[in-house]
Protein chains: 2
Amino acid sequence: MDAAAAPLDVAVDLVVLTLRGGKLSVLLVQREDAPFAGAWALPGGFVRPEEDLLAAAHRVLDSEASLGREHTYLEQLRTYGDADRDPRGRVISVVHMALGANLPDPVSGDGAADARFWDLAEIDAGALAFDHAEILTAAVERARSKLEYTTLATSFLPAEFTISQLRGVYESVWGTSLDPGNFHRKATRSPGFVVDLGKQTDGTGGRPARLFSAGEGAILNPPLLRGGE
Amino acid sequence: MDAAAAPLDVAVDLVVLTLRGGKLSVLLVQREDAPFAGAWALPGGFVRPEEDLLAAAHRVLDSEASLGREHTYLEQLRTYGDADRDPRGRVISVVHMALGANLPDPVSGDGAADARFWDLAEIDAGALAFDHAEILTAAVERARSKLEYTTLATSFLPAEFTISQLRGVYESVWGTSLDPGNFHRKATRSPGFVVDLGKQTDGTGGRPARLFSAGEGAILNPPLLRGGE
DNA sequence: CGAATAGTGTCTATTAGACAATATCAG
DNA sequence: CTGATATTGTCTAATAGACACTATTCG
């Protein structure tokens, strides 16, 4: 097993998801150079020799999306490494998923002509560079699935939020509509999911809502299943 | 984003799980060379320049465990890439999980003094090489978790099996005991999980059991949850 | 007040789990 | 028959989802 190693280029690519106007949106950058010049792609960058993978992902997040470590969830998804996935040569890509609330409009970084969030529905998957359409599809399905059995949904929201806003996350990401009453009960009774802050919103044309923050728990037990309701 | 790339060594490491005598067991190889000479480690090897990651994992599986592609489930888990995880230098490891039924005793391959399956309970986690204890723990937890919501359990069994054997997989991997009657109902009614072959076992001191094969489904809906019963 | 949103109550069909009962083999 | 394992039946408590109802604000 200690046979000769042949070094390969290792990159991190990011699927940065946020909600904009109730639509699940992803950050894409427009490529300036070949290959795929002019095409849209996931933000990414090569891993530096002394840099941990997670640190590389944070650096890319900061440099391509001006997003610091605050209020941004970051998690490794999986690694794409088919020998022919990059026409320039062998590149292994460790894909991470980042989630955040109200992410700012990005400023285009190095090698990018433009950068902006796209409503998922308006993306032409066939036009994405490399294997990024496949990566994006897998990442979105992972996010949808993780909403069921983890407390990930709170990552899409600011530090203080209402149950309606939380329900809006589920509805936007899953593309379904949920019963407000039943959702309220399930969310507030699920241990570790949300913490009642004892504060209220200003009324916005209805009864003021209580404010909650994200709880300590990471796993939702029992899970909040899709498909039902 | 097309900034200079600094090539890094990329390896695949394998967590090969099987059931031996009702115990969840993992394949470990004893290292011959420094670092960690004499210590036990997960089987692994470097990825070749023209080789897909999955192909590299299959190659390692074959060379270190004499396991071909038949009857072996193989899935990428996650990638470990901390800058200091290997004292020889920077090595990125793409960890895969393999599952199989009745896996044969391995023959030690290159760079390995010995290779064998270990009952998980008898492994001294502190003695494993590199960060392999952490990797192993995460992989086992992943396997336990995937039994709940996927049909993965059938990967631990031969092509034809009884519901009791399937229940035995759950009991061994989860370390719990399950009600035979309730389990039988849930397994046989879960769409896509098992297919009744219309055959029976020879009696082994009790009523003969029907034989089943793995169904086409990959996801268990509803899931078979732990913790209850 | 009426409209709108938040939150609670209630009913019913379904389900999980405990446990009993029946089925079918070996010896 | 006895012992063992497989499979099905039954009962009960808990739950999910449908939907009605109450609460609290704004205009």
Side-chain angles (χ1 to χ4, degrees), chain A residues 22 147-149 153-154 157-158 160-172 174 176-191 193-213 215 219-229, chain B residues 22 147-149 153-154 157 160-172 174 176-191 193-213 219-229:
Chain A
L147 286 201
E148 292 191 302
Y149 58 94
T154 55
L157 294 173
E160 303 191 345
F161 53 85
T162 67
I163 298 297
S164 287
Q165 290 176 301
L166 184 60
R167 176 165 48 85
V169 172
Y170 280 88
E171 293 180 329
S172 299
W174 285 351
T176 57
S177 84
L178 301 170
D179 181 275
N182 292 335
F183 182 87
H184 191 280
R185 224 188 332 252
K186 287 202 274 190
T188 51
R189 287 190 187 168
S190 194
F193 195 10
V194 295
V195 177
D196 191 335
L197 296 173
K199 293 193 290 186
Q200 310 243 127
T201 52
D202 299 340
T204 56
R207 172 175 170 177
R210 267 180 282 174
L211 283 167
F212 294 81
S213 65
I219 303 295
L220 276 188
N221 199 350
L224 257 161
L225 298 176
R226 276 183 282 188
E229 303 242 354
Chain B
L147 285 202
E148 293 190 302
Y149 59 92
T154 56
L157 294 172
E160 303 191 346
F161 53 85
T162 68
I163 297 297
S164 286
Q165 290 175 300
L166 184 61
R167 174 164 51 86
V169 172
Y170 279 88
E171 292 180 331
S172 298
W174 286 351
T176 58
S177 83
L178 300 170
D179 181 275
N182 292 335
F183 182 87
H184 191 281
R185 224 187 331 252
K186 286 201 274 190
T188 50
R189 289 190 186 169
S190 194
F193 195 9
V194 294
V195 176
D196 192 334
L197 295 174
K199 294 192 289 184
Q200 310 243 130
T201 52
D202 300 339
T204 56
R207 173 176 170 176
R210 267 180 282 174
L211 283 169
F212 295 80
S213 65
I219 303 296
L220 275 187
N221 199 353
L224 256 161
L225 296 175
R226 278 183 282 189
E229 304 242 353

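Here is how names work: the chains are called A, B, and so on, in the same order as the sequence lines, proteins then strands, and each is numbered from 1.
- Within the structure, every side-chain polar atom (N or O) of B/R226 is placed at least 4.0 Å from both OP1 and OP2 of C/dA16.
- Rounding to the nearest 0.5 Å gives a distance of 12.5 Å between CG of B/L224 and CZ of B/R167.
- Looking at residues two or more places apart in sequence or on another chain, you find a side-chain hydrogen bond (donor to acceptor under 3.5 Å, both in side chains) between A/R185 and A/N182.
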Show me the protein contacts with nucleotides 23-27 of chain C, counting only N or O atoms at under 3.5 Å.
{"from": "C/dA23", "atom 1": "O4'", "to": "B/R207", "atom 2": "NH1", "distance (Å)": "3.3"}
{"from": "C/dA23", "atom 1": "N3", "to": "B/R207", "atom 2": "NH1", "distance (Å)": "3.4"}
{"from": "C/dT24", "atom 1": "O2", "to": "B/R207", "atom 2": "N", "distance (Å)": "3.3"}

Residue pair B/T154, B/F212: steps toward the side-chain contact (heavy atoms from CB on, under 4.5 Å) verdict: CA-CA 10 Å; B/T154 56; B/F212 295 80; over 6 Å; no
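- What separates CG of A/D196 from P of C/dG7 is a distance of 9 Å, to the nearest Å.
- A distance-only check finds a donor-acceptor pair linking the side chain of B/Y170 to the backbone of B/L147 [under 3.5 Å].
- Looking at heavy atoms from C-beta onward, A/T176 lies out of side-chain contact with A/R226 at the 4.5 angstrom threshold.
- The distance between atom CZ of B/R210 and atom C1' of D/dT5, rounded to the nearest whole Å, is 14 Å.
- Here A/H184 reaches the OP1 or OP2 of C/dG7: one of its side-chain N or O atoms lies under 4.0 Å away.
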Within the sub-3.5 Å range, which N or O atoms of nucleotides 11-13 of chain C have a protein N or O partner, and how far apart are they?
none

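- Two residues, B/G181 and A/P223, neighbour DNA chain D, and the one matched to the more 5' nucleotide by heavy-atom proximity is B/G181.
- Look at CG on B/D179: it is 14 Å from P on D/dT8, rounded to the nearest Å.
- The CZ-P distance, from B/F161 to D/dT5, rounds to 20 Å in whole Å.
- Residue B/S164 places no side-chain N or O under 4.0 Å from the OP1 or OP2 atom of D/dT5.
- The nearest whole Å value for the distance from the CG atom in A/N182 to the P atom in C/dG9 is 13 Å.
- Relative to the side chain of B/A209, the nucleotides D/dA6, C/dG7, D/dT8 differ in distance, and D/dA6 lies closest.
- Annotation: side-chain hydrogen bond (donor to acceptor under 3.5 Å, both in side chains) contacts of A/D196 (sequence neighbours excluded): A/R210.
- Between the axis at the start and the axis at the end of the helix from C/dC1-D/dG27 to C/dG27-D/dC1 there is an angle of 10°, using five pairs per end and rounding to 10 degrees.
- Note that CG of A/L220 is 5.0 Å distant from CZ of A/F193, once rounded to the nearest 0.5 Å.
- A donor-acceptor contact under 3.5 Å links the side chain of A/R185 to the base of C/dG9.
- For the pair B/F183 CZ and C/dT15 C1', the computed distance is 17 Å after rounding to whole Å.
- Spacing between atom CD of B/Q165 and atom P of D/dA6 amounts to 9 Å, rounded to whole angstrom units.
- Contact annotation: A/R167 does not reach the phosphate of C/dG7 (side-chain N/O to OP1 or OP2, under 4.0 Å).
- Rounded to whole angstrom, the span from the CG atom of A/D202 across to the P atom of C/dA6 amounts to 13 Å.
- Under the rule for a side chain to side chain contact (heavy atoms under 4.5 Å, CB included), the partners of B/A209 that lie at least two apart in sequence or sit in another chain are B/T162, B/T201.
- Phosphate proximity of C/dG17 to B/K186: present, with a side-chain N or O under 4.0 Å from OP1 or OP2.
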